[in-house]
2 protein chains.
Amino acid sequence: MRRPTLEAVAARAGVSRATASRVVNGQTTVAPQIRDAVLRAIDELGYVPNSAARSLVTQRTDSIALVVSEPPTRVFSEDPLFSTVIRSASLELETVNKQVVLMLASSAKSHARVERYIAGGHVDGVMLISMHGADPLPSALSRLRVPVVSYGRPAVPVDIPYADNDNVGGAETAVRHLVEQGRRRIATIAGPQDMIGGQDRLTGYRNVLRDSDRRSIVAVGDFTRESGAVAMRQLLGDDPQLDAVFVANDLMAVGALQSLRQAGRRVPDDVALVGFDDIEAAKYTEPPLTTIRHPVIEQTAAMVRLLLDLFEGLPAEPVVLPTELVIREST
Amino acid sequence: MRRPTLEAVAARAGVSRATASRVVNGQTTVAPQIRDAVLRAIDELGYVPNSAARSLVTQRTDSIALVVSEPPTRVFSEDPLFSTVIRSASLELETVNKQVVLMLASSAKSHARVERYIAGGHVDGVMLISMHGADPLPSALSRLRVPVVSYGRPAVPVDIPYADNDNVGGAETAVRHLVEQGRRRIATIAGPQDMIGGQDRLTGYRNVLRDSDRRSIVAVGDFTRESGAVAMRQLLGDDPQLDAVFVANDLMAVGALQSLRQAGRRVPDDVALVGFDDIEAAKYTEPPLTTIRHPVIEQTAAMVRLLLDLFEGLPAEPVVLPTELVIREST
DNA sequence: CGTTACCGAGAGAGCGATCTCAGGGCTGGT
DNA sequence: ACCAGCCCTGAGATCGCTCTCTCGGTAACG
């Protein structure tokens with residue numbers, strides 16, 4: 001009742017195990033006639049290679065962990081970031097016949113589990129997506145001598161290749177755009193400051209404001225829509241005269257738009273708004289949102305390529321993708 | 001430079017491989033002194049058992065696939081269903097030392113990959129969550145002789161144990177509640193009719209309407225907030241006199257509330273509203289939503305237990321959990 | 001003191017694949 | 001006709017672990 005083995009296939013086809021193995025692995029050095037016999041046997045028996053046995057000798061598993069080191073509430077939130085990364089990483093790796101295994105690592109306990117799982121050789125490599133500074137996983141995993149790459153620059157300095165987008169530059173572009181529009185009092189709704197993206201985008205904002213001799217007006221959100229709405233109300237209270245806001249992500253910008261509307265401010269006449277990410281929803285707000293495009297799919301592809309390079313023993317240097325200003329009607 | 005093997009641990013501790021193995025697996029028949037020596041060796045070498053080798057002989061992997069057979073847009077939508085199932089299944093299985101491997105099976109191509117992955121023995125069992133009728137996975141997997149359980153009754157009749165909630169009964173309770181409130185024209189916003197939950201909840205609605213001699217008024221959504229808003233507008237157009245709506249899930253109910261407000265109808269004075277699922281957001285709507293509690297965590301736990309029963313060779317019968325009316329202020 | 005019982009430890013056979021190496025059969029060149 | 005060389009195929013080792021079986025040693029009992 002056990003699943004058929006290669007042995008059984010070989011016996012049925014009247015060849016040796018070695019030959020059957022060659023056929024299974026698509027080697028060309030097999031006579032067509034024998035090849036067909038083996039294929040028929042495989043088909044008749046419904047043979048599928050035992051992955052454990054194969055991994056044992058090849059030292060490969062052809063599966064790759066995507067470790068999402070965030071509380072599930074964020075992973076499965078309105079923000080399409082994680083889902084896009086998961087989906088495009090899967091797609092990208094399918095083309096090279098590798099399977100993505102998604103693992104959530106929210107608590108400290110699950111960190112340990114993830115570490116053990118990876119140390120146990122279940123996967124050939126790890127893609128890490130983790131935005132929080134305190135995260136112990138990047139360094140822990142890089143110690144395991146397993147190929148590891150990261151989506152986004154790890155918050156702790158650790159020597160693993162990563163693919164990032166130019167958060168600082170993007171934020172600078174956004175704010176410079178507002179300056180060029182003649183806006184005088186430019187506020188920002190920053191992201192959480194324990195996330196690298198939140199920090200970098202705030203840095204970009206500060207850089208331009210300093211250079212253009214303006215006062216910075218900062219409220220901090222947590223990248224959710226609701227927090228954007230709250231932060232906007234707060235900003236309006238702090239400085240009713242503000243005439244522009246750079247919001248660190250589009251989701252918060254959607255919330256901010258809502259608050260602006262409730263406060264009776266017209267966008268962009270009274271207040272101009274620039275977001276960050278260029279999520280789908282940014283096209284459908286009222287008015288459509290000027291934003292900085294965050295190339296998630298390309299960045300994911302770059303990360304996957306880094307990992308594949310590591311497999312090949314090639315040098316893998318961090319990649320930082322450029323961002324791009326997308327002008328719509330909110331400025 | 002290879003990872004240390006049990007052999008190395010045994011050598012360092014001055015014992016045989018078998019004894020080292022006993023210690024690793026927590027067998028008690030080892031003298032404390034030797035045990036400590038082995039543990040020390042493990043620690044010093046940083047030994048972690050090779051999972052492929054272990055699986056090869058034990059025929060177990062201690063990991064379990066959670067196959068989500070839905071387009072990613074739904075999986076990672078506002079609806080907390082999937083995330084809750086994923087999280088609580090992980091939690092539940094951690095207690096028995098098993099790892100959940102999440103696999104998305106959206107396209108036909110990824111179905112094939114998932115099947116191969118599972119047939120290859122990567123996992124000991126499969127938990128399937130799939131709402132669509134046309135889904136070929138339930139039957140495909142059940143043919144593989146791998147233990148399979150399902151979250152929710154599979155749409156195609158196939159002999160795999162499942163844990164479901166009482167969709168028909170819940171819908172009946174909801175509509176009966178509206179009848180008892182003296183509502184005369186009770187409409188429904190149904191879920192997609194290619195999903196079992198969508199079908200069953202519509203059936204429940206129809207059952208009660210038939211028994212109470214009322215006319216049914218149906219609009220169909222797709223379980224998203226937006227579709228609920230659209231469906232509500234449509235219902236108001238179809239029958240401006242309606243005084244109650246049963247909405248097949250809370251997310252659509254949130255959208256419906258929005259449309260009702262825009263149309264100037266007061267809830268519950270003009271129109272009473274009952275949702276389904278009792279998601280967190282239902283508590284925070286204006287007014288808070290009367291709904292039917294869908295016990296997601298319990299249902300997931302029941303599903304996990306079914307799978308564990310299958311592992312033990314115990315009989316595993318489908319489980320249907322009762323739902324419960326939660327009365328808030330929308331009725 | 002001898003015998004039985006039992007407990008703890010080691011030897012060795014697998015688990016199911018891959019892969020190296022050697023050898024048999026052909027082809028082709030001389 | 002002979003031999004070199006190539007192409008296929010098969011034998012057998014190996015990956016790292018578990019688990020059964022065996023055996024040495026000590027305790028218990030008569």
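Chain letters run A, B, ... following the sequence lines, proteins first, then strands; residues in each count from 1.
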Inset, instruction - Mind jotting down which residue pairs meet the side-chain hydrogen bond (donor to acceptor under 3.5 Å, both in side chains) criterion with at least one end in residues 35-46 of chain B? Sequence neighbours excluded, please. - result: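 Every pair satisfying side-chain hydrogen bond (donor to acceptor under 3.5 Å, both in side chains) with a residue in residues 35-46 of chain B: Arg12(B)-Glu44(B).
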Checking [X] now: which residues fulfil side-chain contact (heavy atoms from CB on, under 4.5 Å) with it, not counting sequence neighbours?
X	answer
Pro161(B)	Val149(B), Leu306(B), Leu310(B), Ala316(B)
Ala155(B)	Ile196(B)
Ala11(A)	none
Pro295(A)	Asn165(A), Arg293(A), Glu298(A), Leu321(A)

Legend entry - Sequence neighbours excluded, every pair satisfying salt bridge (charged side-chain N to carboxylate O under 4.0 Å, His left out) that has a member inside residues 21-30 of chain A: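 Counting only pairs at least two positions apart or across chains, no salt bridge (charged side-chain N to carboxylate O under 4.0 Å, His left out) contact touches residues 21-30 of chain A.
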Without decimals, in angstroms, what is the distance between [X] [atom1] and [N] [atom2]?
X	N	atom1	atom2	answer
Arg17(B)	dC19(D)	CZ	P	13 Å
Leu6(A)	dA11(D)	CG	P	14 Å
Leu56(A)	dT14(D)	CG	P	14 Å

Under-3.5 Å N/O pairs linking protein and nucleotides 4-9 of chain D:
from	atom 1	to	atom 2	distance (Å)
dT9(D)	OP2	Ala31(A)	N	3.0

Legend entry - Terminal axis angle for the helix from dC1(C)-dG30(D) to dT30(C)-dA1(D), five pairs an end, nearest 10 degrees: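 The two end axes of the helix from dC1(C)-dG30(D) to dT30(C)-dA1(D) meet at 40°.
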Inset, instruction - Taking heavy atoms of chain B and a 4.0 Å limit, find me the 5'-most and 3'-most nucleotide of DNA chain C within that range. - result: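 The footprint of chain B covers dG8(C) to dG16(C).
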Inset, instruction - Scan side-chain atoms only and decide if His122(A) and Gln99(B) contain a donor-acceptor pair under the 3.5 Å cut-off. - result: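 The answer is no; no qualifying pair exists.
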Inset, instruction - Could you list by number each residue of residues 116-124 of chain B showing a heavy-atom separation from DNA chain D of less than 4.0 Å, or answer none if no residue does? - result: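 By residue number: none to list.
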Donor-acceptor contacts under 3.5 Å from residues 84-94 of chain A side chains, at least two apart:
from	atom 1	to	atom 2	distance (Å)
Thr84(A)	OG1	Pro80(A)	O	2.6
Ser88(A)	OG	Thr84(A)	O	2.7
Ser90(A)	OG	Ile86(A)	O	3.0

Legend entry - Contact check, side chains of Ser63(B) and Asp124(B), non-hydrogen atoms, under 4.5 Å: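 No - every pair of side-chain heavy atoms lies 4.5 Å or more apart.
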Inset, instruction - Using heavy atoms and a sub-4.0 Å distance, could you list which residues of residues 44-54 of chain B are near DNA chain C? By number, please. - result: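 None - not one residue of the stretch has a heavy atom sitting under 4.0 Å from the strand.
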